[in-house]
Amino acid sequence: MNLKLILAMLSNASAVVETGKKALELLKTAAAGAGATQADVQAAVDRGRAAADAADATNDRISDRLDREGK
Amino acid sequence: MTLTRRTPVMLAALLTLTLTIGCVTPGPAVVSTDPTAVQVQQDRQRAVQAATAITAGLLVTTQALDTADSLEQQGIIQAPLLRQLLAAHKVLTTTARTSLDVIEGVAAGKDVNLSNSIDVVIEKFADFLAPLEKSNNDRLRDLAVATRAVLTIITARGDL
């Protein structure tokens, strides 16, 4: 196992944890917003849809690559 | 177990411990004695937390899928496994959108089954993780551990 592969492994899994930290900050902000209004619910839903759009963009990018490469 | 294999698991464990100690959810800023108003407030708060938890979960799984894509390009995992993860993630994304539509109903004052909608999303998160956890590839299993640790915290903190 070479150093490049080790570094790739560490950065790959660490990226998930780092993203998790950002995701949890988002959740803490939501938890701190007690007494939510209709606007708060709508804003949270809109953020969710933005995350779903980003997820779909990633899905499409990977799907297109695999199709292009015949995998 | 070598340090390089332990590291992602250690990072996930450290994150879990830090957030368990550090997270405190404050009480409501305004307390109403009207039962209906209280229920509405609780429903909206739960809706916000559920939508935010779904958002946070999608961020993490999208990152995990991106990581799997990178591993496939490096030849560390094979394309069929990536295809399997991709299919599960597409289902997860679609289900998340449906759940968000339901949650939006709370904002509009509709009487919606929030719990059922959330349960379905959690099931799809689990479906996405399953191929990672069953993989005979050490790196993918470490990735699964890190992702599940974060999702566990998210669903707990989101009161899902």
Side-chain angles (χ1 to χ4, degrees), chain A residues 1-67 69-71, chain B residues 4 7-8 11-12 15 19 23 25-30 41 44-45 47-49 51-67 69-71 74 76 79 82-83 86 89-90 92-93 96-97 100 103-104 106-109 139 142-143 146-147 149-150 153-154 157-158:
Chain A
M1 183 180 295
N2 59 36
L3 181 60
K4 186 177 176 184
L5 183 57
I6 291 170
L7 288 173
M9 284 165 51
L10 286 173
S11 64
N12 283 337
S14 294
V16 171
V17 178
E18 283 306 309
T19 301
K21 288 180 186 175
K22 291 174 192 170
L24 283 151
E25 281 305 313
L26 189 63
L27 201 57
K28 282 166 66 178
T29 302
T37 64
Q38 274 182 264
D40 291 331
V41 175
Q42 191 61 59
V45 167
D46 289 343
R47 283 193 295 270
R49 287 181 175 140
D53 289 344
D56 274 335
T58 298
N59 292 342
D60 291 342
R61 174 175 54 78
I62 295 172
S63 185
D64 289 346
R65 179 181 75 76
L66 291 174
D67 288 344
E69 296 177 9
K71 291 184 177 178
Chain B
T4 54
T7 300
L11 284 171
L15 177 63
L19 290 162
C23 286
T25 305
V30 177
Q41 265 194 339
R44 284 179 183 158
Q45 184 61 22
V48 168
Q49 291 180 326
T52 305
I54 289 172
T55 303
L58 279 176
L59 287 176
V60 174
T61 57
T62 300
Q63 179 63 64
L65 181 65
D66 195 51
T67 300
D69 179 44
S70 176
L71 292 175
Q74 294 170 56
I76 295 171
L82 181 58
R83 283 275 186 195
L86 183 60
H89 204 245
K90 285 180 177 179
L92 168 60
T93 308
R97 287 189 192 276
L100 289 167
I103 292 168
E104 188 177 40
V106 174
R139 293 71 156 182
D142 283 346
L143 183 62
T147 307
V150 173
I153 297 167
I154 286 169
R157 295 294 298 144

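Proteins get letters first, then strands, A, B, ... in listed order; numbering begins at 1 in each.
For the pair A:Asp56 and B:Lys90, the salt-bridge criterion is not met [side-chain N within less than 4.0 Å of a carboxylate O].
Contact count versus chain A (heavy atoms, under 4.5 Å) is highest, among B:Leu82, B:Thr61, B:Val106, for B:Leu82. With chain B as the partner, the residue from A:Asp46, A:Val41, A:Thr58, A:Asp60 showing the most heavy-atom pairs under 4.5 Å is A:Val41.
When every heavy atom of A:Ser63 is checked against every heavy atom of B:Arg83, the shortest pair comes out as OG-NH1, 4.1 Å. Nearest heavy-atom pair, B:Thr93 versus A:Ala52, reported as atom, atom and distance to 0.1 Å: CG2-O, 3.5 Å.
For chain A, the nearby part of B:Leu58 is the side chain; its heavy atoms alone come within less than 4.5 Å.
With sequence neighbours excluded, the residues satisfying side chain to side chain donor-acceptor pair (under 3.5 Å) with A:Arg49 are B:Asp101, B:Glu104.
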